[in-house]
Amino acid sequence: IIQLYTPLNWFGTYYRMIQSAFVDMESMFELLTEEKEVSASLKFCFLFFVYRKEILSEVSFTVMPGQTVALVGPSGSGKSTIIRLLFRFYDVQGGCILIDGQDISKVKQNSLRSYVGVVPQDTVLFNDNIRENIRYGRISASDQEVEEAAVAADIHHKILSFPDGYDTEVGERGLKLSGGEKQRVAIARTILKSPRIILLDEATSALDSQTERNIQASLAKVCANHTTLVVAHRLSTIIKADQILVLHDGRIAEQGRSVVCVCVCVCVCVCVCPRASVTLREKNYCKDSNDT
Ligand code: ATP
């Protein structure tokens with residue numbers, strides 16, 4: 001027995017070492033397969049931009065990874081211009097925009113655009129079938145991934161109601177989708193693309209309550225854990241944002257999440273966006289139309 005003790009002891013020690021190595025290896029594989037960081041930080045430093053007149057001046061703010069910032073302000077105050085500058089439709093004429101600390105003017109446009117997804121007000125549909133129109137978000141996506149994105153964007157059942165389903169052609173005389181449905185196609189594309197930063201230009205047109213709820217729900221899915229910059233026209237979007245920026249004449253007039261800031265936003269919305277007044281009335285915040 002004494003002669004057997006030493007080899008058995010050695011065997012036990014090596015067995016434990018090998019077992020612990022397998023456990024470490026398992027944790028290493030788990031770490032390797034863990035999802036990549038899906039959001040990025042954004043920093044706007046003293047933006048200055050002129051078309052023919054001065055459009056933006058001294059616009060500075062920071063968006064932390066995963067945060068949603070709502071841009072609010074009267075028509076022409078420069079909200080969409082901020083979005084266009086971030087997507088580099090135009091280059092800034094003063095100041096800079098940093099993504100994760102990197103100046104976007106020094107990054108290749110392709111690489112920038114793979115980081116950023118845009119859900120515009122008016123989505124362009126191509127003369128192809130609805131499946132390919134969604135797949136445009138990520139050309140390599142499988143049919144199943146396209147359909148999963150459509151489910152998440154809450155447009156799947158609408159597509160299935162067409163006689164040819166996903167194969168329905170979106171030609172000039174073909175598919176008729178409402179503005180809200182087209183925007184959900186754009187949301188499905190963005191879900192497929194899964195960019196780190198999402199730029200959303202909310203539709204100004206009035207939507208019925210059900211469509212608005214559907215769009216809000218699908219947007220919540222696409223924006224979750226992604227850094228989002230939204231040109232907000234709806235009170236519900238503004239209230240849910242982590243940070244609100246009120247623009248006036250190309251400058252930041254108010255910034256934050258304070259009661260004052262939310263009140264300024266409500267005033268701006270009620271003055272410039274008829275849909276917000278409707279929302280307030282629907283929720284009985286205002287007793288009659290005179291209160292708006
Ligand atoms: P809205 O809420 O109506 O969309 P906005 O706050 O998004 O307005 P921007 O679209 O950023 O405003 O426009 C800011 C200003 O820049 C406006 O005065 C507009 O007339 C001007 N502008 C926008 N695009 C151009 C252009 N391509 N050429 C010249 N001026 C432009």
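Remember, it's 1-based here, ligands and their atoms both numbered in the order they're listed.
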Numbering the atoms of ligand 1 from 1, which are under 4.0 Å from a heavy atom of Ser77? 6 (O), 12 (O)
Determine the minimum heavy-atom distance between Ser111 and Ser114, stating which atoms define it. O-OG, 2.7 Å
Taking 4.0 angstrom as the limit and counting only heavy atoms of Thr81, give me the atoms of ligand 1 inside it, by number and element. 9 (P), 11 (O), 13 (O), 14 (C)
Indicate yes or no: does an N/O atom of Arg52 lie under 3.5 Å from an N/O atom of ligand 1? no
Would you confirm whether Arg88, through its side chain, and Leu112, through its main-chain N or O, come within 3.5 Å as a donor-acceptor pair? no
Taking only heavy atoms of Pro74, which atoms of ligand 1 are found under 4.0 Å from at least one of them? 6 (O)
For ligand 1, which atoms, with element, lie under 4.0 Å from some heavy atom of Lys53? 18 (O)
Do ligand 1 and His233 have nitrogen or oxygen atoms that lie under 3.5 Å from each other? no
So is there a nitrogen or oxygen of Gly76 less than 3.5 Å from a nitrogen or oxygen in ligand 1? yes
Distance to the ring centre below 6.0 angstrom and angle to the axis at most 45 degrees; does that hold for Arg251 and Phe61? no
Is there side-chain contact between Ile82 and Leu245, with heavy atoms separated by less than 4.5 Å? no
Donor-acceptor pair, distance only, cut-off 3.5 Å: does the side chain of Lys79 make one with the backbone of Pro74? yes
Below 30° counts as parallel, above 60° as perpendicular, anything between as tilted: where do the rings of Phe11 and Tyr15 land? parallel
Ligand 1 versus Ile55, non-hydrogen atoms closer than 4.0 Å: side chain, backbone, both, neither? side chain
Which atoms of ligand 1 are found less than 4.0 Å from any heavy atom of Tyr90? 27 (N)
In a check of side chain to side chain donor-acceptor pair (under 3.5 Å) between Tyr166 and each of Glu147, His156, Arg131, which one passes? His156
Is there a polar contact between ligand 1 and Gly78, counting only N or O atoms under 3.5 Å apart? yes
